[in-house]
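Predicted model, so just to flag it, every value in this text is computed and none were measured. Numbers restart at 1 for each chain; the letters A, B, ... are given by sequence-line order, proteins then strands.
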There are 2 protein chains.
Amino acid sequence: MYTRTLFIDGQEDYPLTNRKEVARLAGVSEATVSRVLNGIGPMKDSTKKRVLDAAKQLNYELNAVASSFARGRSGNLGVVMPHVPKVHLFSTYYFSELLSGIGEAVRSKGYGLLLLFRDPAAEFDYVSLYRTQRVDACLILGASAIDSEIAGIHRLAEASLPFCVMDQRFEHSGLSIVAADHEQGSYDAVRHLIDGGCTRIGFLNGSPQYSNSQDRHEGYLRALAEAGIEPDESIFYEGNYSRTSGRRAAEAVYRDLGRLDAIFVGNDRMAIGLMQALREKGCRLPDDLKIVAYDDSDAASFTEPPLTTVKVPFYDMGRLAADKLLARLTDKDQTDGVINEKLQTELKIRKSSGN
Amino acid sequence: MYTRTLFIDGQEDYPLTNRKEVARLAGVSEATVSRVLNGIGPMKDSTKKRVLDAAKQLNYELNAVASSFARGRSGNLGVVMPHVPKVHLFSTYYFSELLSGIGEAVRSKGYGLLLLFRDPAAEFDYVSLYRTQRVDACLILGASAIDSEIAGIHRLAEASLPFCVMDQRFEHSGLSIVAADHEQGSYDAVRHLIDGGCTRIGFLNGSPQYSNSQDRHEGYLRALAEAGIEPDESIFYEGNYSRTSGRRAAEAVYRDLGRLDAIFVGNDRMAIGLMQALREKGCRLPDDLKIVAYDDSDAASFTEPPLTTVKVPFYDMGRLAADKLLARLTDKDQTDGVINEKLQTELKIRKSSGN
DNA sequence: TTGTAGGCGTTATCAG
DNA sequence: CTGATAACGCCTACAA
């Protein structure tokens, strides 16, 4: 018989012990070892100590895979990402903050974080992930309202599988969602412009298929309505959240400059593209046009002029969603509840809005 | 007997089949099912077809956890991240590109990608990850030369565990590394300034404990030496790769402006901070000072002026490292080889260097 | 409070 | 070419 070792040719002897050997050394049964290590059921202090000592002496560590297998759960939280190269909608700032928050929650609960990349071409088979026991639950980032995506997500819901969509709203409710309040965030942004004396406020929105875009539109309209300003569709512009689309929009915005005091832009990237292009045309910002954007990404503070923008608590969002989702996995009574959280945004005032 | 189902209360019946049921339906043994599904050994076409049909009919999917357990391998590649909130050295651009590359490689080989966050306080116990069978191999991102980190990495090496460090050089060789050629990248950057007629070229470097910083220093010196320019230590500046440190350096740089034609900066973030501060002091860029930076992050193209900078192929780096590492896991004969790859950078010329 | 033993789904070895 | 069957390490009723 040979001793299994982890090290291929290490100096130290570092054998891979298992529960059986711990039990043997401690002079108890394997079941007792498990109970001690998992803190289940009553046990004598003396046996507990013997087991713990034996485990330490043998340098025992639980085989996570075997444990998962026996429990029938992988112990992993799946995090589904949109295809990342050539990022469009999502700034990388978004990802790193969100992932940090999720990572924190996952680590504190002893779960693993399995990163999954959605293939933009193929329809993503979420259900299969669960069936193969790769994940116990999923967090879905960057979901859009594309048909195939909606279908995939709804299949998850129909199966009553534990999952949560990040920062996206869906018509059919009953889906678990953690999001930021973009309606209110947008309201605050536009309100800030109104308070600064602007009345002719344009709106450069992102792709309409995202619920975020609709939310921003509504917040924008509410602020105008409250101030008694009639919305003017001729100063609505549409981009796709990319910097390039912001540049493109600059054509129309520049043409309409005479009818604009300010413009509210759906994200920082578009705002950056817009400002670039406008300045190339000779505009002075914010004198010729005041701008408020959205996200408070890293870049927002070093554009010229620095961007007034709506900060979104991505880190907290990730952490909260993961916490809630993992809690559902543990607490039996929460199993059926739908997660529905809305986080508040915060307006960061800088020079681009004329302050 | 009850039928295990994945769905908690789904309409559809979606039973979790196992190999045994497939075997029964196909009228073969379980072993044969495995062989067909794993494509191992010779088999009659007719049995193969029967098995495949049965599997499809039952909607069979392999239980990944059970498979891992039986194989004694998790099927996961661990990716160790530095603590991300309040990013310092690494731009988020770096992460998303790197992760995309890794994700692509991992997916194409049928592995999972387990994301792990290094706790900045505690010493990270890499070895434990392998012992608990959570990962079969590790990719280490953002390693610095801090003692506890070096120690952890060396313990991995001593244990002959499969791992690879990304974009960092270590003194003690024998470690597997995939990196970019920052010496050459820096040489190219400085050479570009020299070709543009600059002779008095300052250098704002990042924290010296990173091998990247040393590499850049060497490339800088080589370019000067080749042009017969004597290095002048009085125009060496040091930051820590943060934007703030770039701003701080601006004090000294501004003071020395009379002795500077240009400056080479260790990354985009510092360059952005430097430019901000210099412009606030009334400098005209690039007329008063030419600048070349490093990374080609997203922001580089929309600073004012846009940054000439050294582009690093992060996506390729991630993909290559993961490919190599996973190959080592499969091919028996490669097991002992050390991975050592160096990727080329590319100078992106924009306005900040006076072109 | 502790031990016994069956089971989890797959792999892989060995006969046939 | 195919079928039995012993691992794999752990969990958890159930028994004592």
Side-chain angles (χ1 to χ4, degrees), chain A residues 1-6 15-52 54-55 58-75 110 130-134 136, chain B residues 1-6 15-24 26-51 54-55 58-75 110 130-134 136:
Chain A
M1 185 199 144
Y2 74 114
T3 307
R4 294 173 59 243
T5 59
L6 177 62
L16 227 38
T17 21
N18 57 21
R19 202 183 52 164
K20 185 189 294 183
E21 309 204 26
V22 175
R24 195 149 47 92
L25 181 59
V28 298
S29 73
E30 294 187 46
T32 300
V33 175
S34 276
R35 278 191 289 259
V36 170
L37 265 24
N38 297 326
I40 289 171
M43 61 196 82
K44 253 207 303 231
D45 270 0
S46 62
T47 42
K48 177 172 177 179
K49 182 174 181 332
R50 264 189 305 157
V51 169
L52 258 23
L58 292 174
N59 217 317
Y60 171 79
E61 290 192 77
L62 176 74
N63 181 324
V65 170
S67 174
S68 293
F69 175 54
R71 288 182 198 276
R73 290 187 265 113
S74 67
Y130 295 76
R131 306 189 75 221
T132 61
Q133 308 266 319
R134 253 178 256 277
D136 298 335
Chain B
M1 183 198 145
Y2 75 114
T3 306
R4 295 171 59 244
T5 58
L6 178 61
L16 229 37
T17 19
N18 57 20
R19 209 186 42 167
K20 185 189 295 185
E21 309 204 25
V22 176
R24 195 150 47 92
V28 298
S29 74
E30 296 185 43
T32 301
V33 177
S34 275
R35 277 191 290 262
V36 170
L37 264 24
N38 297 327
I40 289 172
M43 60 197 82
K44 252 206 305 226
D45 270 0
S46 61
T47 41
K48 177 172 177 177
K49 183 174 182 334
R50 263 189 307 157
V51 170
L58 293 175
N59 218 318
Y60 170 79
E61 290 192 77
L62 176 72
N63 181 324
V65 171
S67 175
S68 293
F69 174 55
R71 285 184 201 275
R73 289 188 266 113
S74 67
Y130 294 76
R131 305 188 76 221
T132 60
Q133 307 266 337
R134 253 179 257 276
D136 297 336

- In whole angstroms, how far is the P atom of C:dG9 from the CZ atom of A:Arg71? 16 Å
- Does the side chain of A:Tyr60 get closer than 4.0 angstrom to OP1 or OP2 of D:dG9 through an N or O atom? no
- Quickly work out the B:Arg73 CZ to C:dA12 P distance and round it to whole Å. 8 Å
- Item | Any side-chain heavy-atom pair of A:Leu52 and A:Val36 under 4.5 Å | yes
- Note on the structure: With sugar-phosphate taken as primed atoms, P, OP1 and OP2 and all else as base, the protein-contact string of nucleotides 2-7 of chain C at under 4.0 Å (heavy atoms; B, S, -) is BBB---
- May I ask you to test the B:Val51-B:Leu37 pair for a side-chain heavy-atom distance under 4.5 Å? yes
- Query: How about B:Ser29 and B:Thr32: do any of their side-chain heavy atoms sit closer than 4.5 Å?
  - Reply: yes
- Query: Taking B:Arg50 for the side chain and B:Val28 for the main chain, is one N or O donor matched with an acceptor at less than 3.5 Å?
  - Reply: no
- For D:dC10, does OP1 or OP2 lie under 4.0 Å from any side-chain N or O of A:Ser34? no
- Message: Please list all pairs meeting side chain to side chain donor-acceptor pair (under 3.5 Å) that have one or both residues in residues 38-48 of chain A, counting only residues at least two apart or in different chains.
- Response: none
- Report the distance from atom CD of B:Glu21 to atom C1' of C:dC8, rounded to the nearest whole Å. 14 Å
- Output the distance between atom CD (A:Glu30) and atom CZ (A:Arg24), rounded to the nearest 0.5 Å. 10.5 Å
- Here the distance between atom C1' of C:dG9 and atom CZ of A:Arg134, to the nearest Å, is 14 Å
- Would you mind reading off the distance between A:Leu37 atom CG and D:dC10 atom P, rounded to a whole angstrom? 9 Å
- Message: Tell me whether the side-chain N/O atoms of B:Ser68 come closer than 4.0 Å to OP1 or OP2 in C:dT10.
- Response: no
- Message: Can you tell me which nucleotide in D:dG9, C:dT10, D:dC11 comes closest to the side chain of B:Phe69?
- Response: D:dG9
- Any A:Tyr60 side-chain heavy atom under 4.5 Å of A:Arg19 side chain: yes
- Note on the structure: Taken to the nearest whole Å, CG/A:Leu62 to P/D:dG9 is 12 Å
- Does A:Asn18 have a side-chain nitrogen or oxygen under 4.0 Å from the phosphate oxygens OP1 or OP2 of D:dC10? no
- Query: For the pair made of CG in B:Asn63 and C1' in D:dC8, what is the distance, rounded to whole Å?
  - Reply: 14 Å
- Rounded interatomic separation in angstrom, taking CZ from B:Arg24 and C1' from C:dG9: 15 Å
